[in-house]
Q: 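Attaching a single structure in structure tokens format; questions to follow.
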Amino acid sequence: MKPGKGRILILCAPSGGGKSTMAARLMDTFPRIRFSVSATTRAPRAGETDGVHYHFLTPQEFQRRVEAGLFLEHESFYNGTRYGTLKQAVEEMRDSGYFPLLDIDVKGGLRVRSLYPADSLSVFLMPPSLEVLESRLRARGTETEETIRTRMERSAMEVSLAPKFDHTVVNDELERAWSELRSIIETHLFS
Ligand code: 5GP
């Protein structure tokens, strides 16, 4: 492992925008990139493990950590569900020379970018269109109609913030988008 503090990789996309696939490829390809496990008050989905996908917290415990100043950023959305990035976990990874990968929402991503202007790289994965996004979200089969509607409204807002990111990759075709993302990381994250 090369010495030196790792930088933060902020990967944002609207829900259903293909973030998890890209995040998994990034970690397979670049051993120094490690997933930063967020905290949330939502219930685990089938196949999700506490401490691996999220730290699943009660609303009381989440609030306690907010008041203790333990979050770098936190957001509340989807009927009050809270999500947040834990400061200490990110800093420990950076200190060990790893590059924390933050798979977080657009507002949170921009907040972290503003906290680490020189030590972060932010990439927005742009869906080819909002229609494609909606059908991907529907195909996932994990959401109710109402949640899909709420998420689509949010997605439109998120897409409008894409120009504030360092890079935008249109996620039109998986292999093409992946090779663009990989070359951005090779050129800009480790340099
Ligand atoms: P999901 O419930 O589908 O896992 O995530 C919903 C949204 O919350 C996604 O856009 C995800 O990226 C975002 N999210 C996950 N962790 C965090 C976090 O720590 N902070 C913020 N701001 N958003 C997060």
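The first residue in the sequence is number 1, and the count goes up from there. Read the numbers this way: they start at 1 and go in the same order the structure lists the ligands and their atoms.
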Q: Specify side chain, backbone, both or neither for Glu73, according to which of its non-hydrogen atoms lie closer than 4.0 Å to ligand 1.
A: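 For Glu73, only side-chain atoms sit under 4.0 Å from ligand 1.
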Q: Using the salt bridge (Lys or Arg N to Asp or Glu O under 4.0 Å) criterion, which residues pair with Glu91? Sequence neighbours excluded.
A: Lys5, Arg94
Q: Can you name the atoms of ligand 1, numbered from 1 with element, that are less than 4.0 Å from a heavy atom of Glu75?
A: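 Atoms satisfying the 4.0 Å criterion: 22 (N).
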Q: Please state whether the rings of Phe62 and Phe71 are parallel, tilted or perpendicular, taking 30° and 60° as the class boundaries.
A: parallel
Q: Could you tell me which atoms of ligand 1, counted from 1 in the order shown, lie closer than 4.0 angstrom to a heavy atom of Arg42?
A: 1 (P), 2 (O), 4 (O)
Q: If the cut-off is 4.0 Å to any non-hydrogen atom of Arg151, which atoms of ligand 1 fall inside it?
A: 2 (O), 3 (O)
Q: Where the closest heavy atom to atom 18 (C) of ligand 1 is concerned, which of Ser76, Gly108, Ala43, Ser38 has it?
A: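 Going through Ser76, Gly108, Ala43, Ser38 one by one, Ser38 has the nearest heavy atom to atom 18 (C) of ligand 1.
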Q: So is Phe77 close enough to ligand 1, meaning a heavy atom under 4.0 angstrom away?
A: yes
Q: Looking only at heavy atoms of Arg45, does any of them come nearer than 4.0 Å to an atom of ligand 1?
A: yes
Q: Using the ring of each side chain (for Trp, its six-membered ring), is Phe77 parallel, tilted or perpendicular to Tyr83, with breaks at 30° and 60°?
A: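 Rings of Phe77 and Tyr83: parallel, as their planes differ by under 30°.
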Q: Do the side chains of Arg182 and Glu175 get close enough for a salt bridge, i.e. N-O under 4.0 angstrom?
A: no
Q: Please state which part of Asp103 comes within less than 4.0 Å of ligand 1, counting heavy atoms only: side chain, backbone, both or neither.
A: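 Within the 4.0 Å criterion, Asp103 contacts ligand 1 through backbone and side-chain atoms alike.
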Q: Can you confirm whether Val66 sits close enough to Arg82 that some side-chain heavy atom of one is under 4.5 Å from a side-chain heavy atom of the other?
A: yes
Q: Can you tell which part of Arg111 has a heavy atom less than 4.0 Å from ligand 1: side chain, backbone, both or neither?
A: neither
Q: For ligand 1, which atoms, with element, lie under 4.0 Å from some heavy atom of Lys19?
A: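 The atoms of ligand 1 under 4.0 Å from a heavy atom of Lys19 are 9 (C), 10 (O), 11 (C), 12 (O).
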Q: Check whether any side-chain heavy atom of Phe124 lies under 4.5 Å from a side-chain heavy atom of Pro14, and answer yes or no.
A: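 With C-beta onward as the side chain, the pair touches.
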Q: Among Glu75, Arg111, Glu73, which residue meets the side-chain hydrogen bond (donor to acceptor under 3.5 Å, both in side chains) test with Thr85?
A: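 The single option meeting the side-chain hydrogen bond (donor to acceptor under 3.5 Å, both in side chains) with Thr85 is Glu73.
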